[in-house]
There are 2 protein chains.
Amino acid sequence: MSSRSDQWTRTATRIFRTIWRNPNISRVDLAKKLGLDKSTVTKQVADLLENGLIEEKEEGEASARGGRKPIYLAVNKEYGRFIGIELQLGFFEAVVVDLAGDILETARGEVRITQENFAATVADIVDTMQKRFCSDSLLLGVGVGTAGLVDSKKGRIKYSVPLGIQKTLDFAKAIAGKLKAPAFIENDANCCAWGELAFNRDEELKDFLFALVEYRQDETSLIRYGGIGVGFGVVLGGRVHTGAHGYSGEFRSAFCDGPGELQFSLSREELMCLRGDKNLLHRTVDELARNMAMLINTMDFQHVYIGGDIEALDIDLPAILRHRLEENWMYPSPKDVEIRYSSLGDKAVAFGAAGMVFERLMAERSMPGLAVELKNLDQQIGA
Amino acid sequence: MSSRSDQWTRTATRIFRTIWRNPNISRVDLAKKLGLDKSTVTKQVADLLENGLIEEKEEGEASARGGRKPIYLAVNKEYGRFIGIELQLGFFEAVVVDLAGDILETARGEVRITQENFAATVADIVDTMQKRFCSDSLLLGVGVGTAGLVDSKKGRIKYSVPLGIQKTLDFAKAIAGKLKAPAFIENDANCCAWGELAFNRDEELKDFLFALVEYRQDETSLIRYGGIGVGFGVVLGGRVHTGAHGYSGEFRSAFCDGPGELQFSLSREELMCLRGDKNLLHRTVDELARNMAMLINTMDFQHVYIGGDIEALDIDLPAILRHRLEENWMYPSPKDVEIRYSSLGDKAVAFGAAGMVFERLMAERSMPGLAVELKNLDQQIGA
DNA sequence: TTAGTTGGTTGATTTATTCAATCAATCATG
DNA sequence: CATGATTGATTGAATAAATCAACCAACTAA
């Protein structure tokens, strides 16, 4: 008796999502928006209320022509929390996020990741975060973002230059049993895309590109890949695009001639001194902009978000990109493409990892309280 | 009484599609594949049989361990037809296609298209084709493919260099009432993508790029755009990607520096003599391959189809692309991307336009016989 | 012949949804 | 200030698409 049928959960998820995206919406408006009968909404909402996923807010104002006041509905932020973690070569960045997408706590620390201790490291971070920040609240899920080829569906890291991972690391298998909540792993740039997508209330945000441009100055990174790393997160039709093999978003400039490990046509020596040489920096960023312009026009993205510490460097990538975009577009009527820095700064990956978990629980319809009627669970335990 | 509910049609469409993709499938296998109860399938199949959309084929072989022979199901090819039309500067190419995706008839002729006579020209072609080739059979829909910026959802041509269309042409409005069947318009490269998608039985064909590379030698084309034109059709997650503004698939090389109307970094004079100059031809095609390699790796496409009359030129684009793809991929494990010429030759656009109609009728669930119970219609007419 | 197996059908049951009626609460108006 | 119009929310009966369980049909293998 504990689980509802698939159809019920499906509708419950749709309703929950809509309430989530439109705080203070009435039952009637929900019904209109979803093309359902208002009585259907009443019944579903009663269930969501009982399970604690949403709550009734104060009544709104009646229409000018009279009528009963609507009862506003909103998600219960306190229902549960997500933990998002970015793992990099020498450090981690973690955030605790509530159901509204608000960051409650952040943490940063040093770690030394190896093929072997990867899952254990994640489990440690989660345990610490949970004890410190949300011991009383329900942990809904954990998301991990990291650079490299990640097969997110299978939960594996195939390869990672920055982390020095050479053979497949089965994260899903390694983490199994170590945590009480579900855990997911995803490429860092894709995480950023998830972040913009998941906790954004704009339903029109359906086709965008997130460019994660990192510049590392530590010796290992400089030698391994010249210090500058670019990854894309691609969202099409409102969904993060994983690609045929799960490797979407990997970038290497079209200007590179011949094989190599660098993402740009510049030499390793040139890349290593970008910070000092304004001219070289401009050449590199312009090369990136020309590649991106082609990609953006061909795929017809609506928005471009730029994240990573490129923002800290003394160069205006958005302006350069805007210029190259216009140049690359051959038609008289200009196309409006919104380009801007991500507002999340150095928390973008960790925050996005949390957002990914939210989206995946919704997509898989395995969010506790949506898939399972909690009241009946209690009865079972009580009996 | 004539129309079933949305849910019924939805399931009917799913079943019809699955039978379409798997000719000679049994009811039980259908149920397994779609996660339905076999009794549900029995009822739906009875409806589809009555409406004539599918038919029972001979019985198959019983399993080795005994049991009743399955009754194979297949679509009724003769149920209806599609007309697909490619419109170019001086000529049209049209095909009549049955429900199985088999080309029954083709036609080719000269036309002189203007902003004003566009819809009338299409109506003329359809009337002629219908009288000659399928007067007895049900015309399910008409698809038109043409070069330029096409907003397929709204049925408008925004702009077309090859056709010389400078201001928006509202095809949907202009064709309304002129035909008895629904008509759709789409960009030519996207049509090719629809063609590969619609009439391809491989369910795994979900992420691919169709590159339509045309080389025209007439003077107008040579002067307007150098004679060589490249457009992409993008399929992601099994759906043709239209883009945020509906302009997905437009191409201009990242190597172009500064504004201009040409798609490549070569000068108009250079482009105009590609056929004679092997060296210039190779430079152009290599430039295309480098752009495509970046696009393909970043978006992680699984297949690449190449169409248009590039095939007639003396150069091996697939080989060059394969080479550039390998170079552009930085990781040790090779990624399998299948590259090949489209098998449809100069009929690719027209055929694809027909495929698009099929897909759209399915997606909108407005295929006659799926949305409406024909038997009841007859009763109504008879009464 | 008989038991076991698989494909397909039938009618009762389940369940999410809609429909229709009703209650609840507000505004405008004479 | 009663009345009607209007809008939001609830309730229980009706609807319809799915499942379930039982059965028939037809085959293999012993």
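In what follows, chains carry the letters A, B, and so on, assigned in the order in which the sequence lines appear, proteins first and then strands, with residues in each chain numbered from 1. Scope of the values below: all heavy atoms of this structure, side chains included, with no hydrogens, waters or symmetry mates. Since we're looking at a predicted model, the values are computed, not measured.
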Nearest to the side chain of Thr42(B), which nucleotide is it out of dT10(D), dT17(C), dT10(C)? dT10(C)

From dT18(C), dT19(D), dA9(D), nucleotide with atom closest to Lys43(B) side chain: dT19(D)

Using OP1 and OP2 only, check whether a side-chain N or O of Thr11(B) sits under 4.0 Å from dA18(D). yes

Please step through side-chain contact (heavy atoms from CB on, under 4.5 Å) for the pair Phe82(B) and Val96(B), ending with a clear verdict. CA-CA 6 Å; Phe82(B) 303 100; Val96(B) 180; over 6 Å; no

Would you confirm whether the ring centroid of Phe351(B) sits within less than 6.0 angstrom of the ring centroid of Trp194(B)? no

Just N and O in the side chain of Gln7(A): are any of them under 4.0 Å from OP1 or OP2 of dT15(C)? no

Can you tell me the distance, in whole Å, between the CG atom of Leu49(B) and the P atom of dT9(C)? 9 Å

I'd like to check the side-chain hydrogen bond (donor to acceptor under 3.5 Å, both in side chains) partners of His245(B); sequence neighbours left out, ordered by chain and number. Asp300(A), Asp336(A)

Would you mind checking if Lys57(B) and Glu55(B) are paired as a salt bridge, meaning a charged N to carboxylate O distance below 4.0 Å? yes

Tell me: NZ of Lys38(B) to P of dG11(C), nearest whole Å? 16 Å

The side-chain hydrogen bond (donor to acceptor under 3.5 Å, both in side chains) partners of Glu359(A) (sequence neighbours excluded) come to Arg17(A)

Hey, are Asp202(A) and Arg21(A) close enough for a salt bridge, meaning a charged N less than 4.0 Å from a carboxylate O? no

Assess the side chains of His241(A) and Asp207(B): does a donor N or O sit below 3.5 Å from an acceptor N or O? yes

Output a table of nitrogen or oxygen pairs between the protein and nucleotides 28-30 of chain D separated by less than 3.5 Å.
unit_1  : atom_1 : unit_2   : atom_2 : d
dT28(D) : O4'    : Gly66(B) : N      : 3.3
dT28(D) : O3'    : Ala64(B) : O      : 3.0

Let's see if you can work this out: which of dA21(D), dG8(C), dA18(D) has an atom nearest to the side-chain heavy atoms of Ser39(B)? dA21(D)

Tell me which nucleotide among dA18(D), dG7(C), dT18(C) gets nearest to the side chain of Leu36(A). dT18(C)

Residue pair Arg360(B) / Ser152(B), side-chain donor-acceptor N/O under 3.5 Å: yes

Under 4.0 Å between a side-chain nitrogen and a carboxylate oxygen: does that hold for Asp170(A) and Arg156(A)? yes

Nearest whole angstrom, please: distance from the P of dC27(D) to the CD1 of Ile71(B). 11 Å

Side-chain N or O of Thr40(B) less than 4.0 angstrom from OP1 or OP2 on dA17(D)? no

Measure the distance from CG on Leu73(B) to C1' on dG8(C) and round it to the nearest whole Å. 11 Å

Side-chain N or O of Gln44(B) versus OP1/OP2 of dA17(D): is the shortest distance under 4.0 Å? no

Would you indicate what Glu56(A) reaches in the nucleic acid, counting non-hydrogen atoms under 4.0 angstrom: base, sugar-phosphate, or nothing? nothing

Distance in angstrom units between Lys57(A) NZ and dG8(D) C1', rounded: 20 Å

Just how far, in rounded Å, is P of dT17(C) from CZ of Arg10(A)? 10 Å

Where the side chain of Ser26(A) meets the backbone of Pro70(A), is there a donor-acceptor pair that is under 3.5 Å apart? no

Is Lys206(B) paired with Glu203(B) through a side-chain N to carboxylate O contact shorter than 4.0 Å? no

Five pairs at each end of the helix from dT1(C)-dA30(D) to dG30(C)-dC1(D): take the axis at both ends and give me the angle between them to 10°. 10°

Where along residues 23-35 of chain A does a heavy atom come under 4.0 Å from DNA chain C, residue by residue in number order? Gly35(A)

Assign Lys69(B) to base, sugar-phosphate, or nothing according to its heavy-atom contacts below 4.0 angstrom with the strands shown. sugar-phosphate

Kindly point out which of dG7(C), dC20(D), dT11(D) is positioned nearest to the side chain of Asp37(B)? dC20(D)

Distance in angstrom units between Arg68(A) CZ and dA25(C) P, rounded: 6 Å

Partner set under ring-ring contact (aromatic ring centres under 6.0 Å, His included) for Phe184(A), not counting sequence neighbours: none

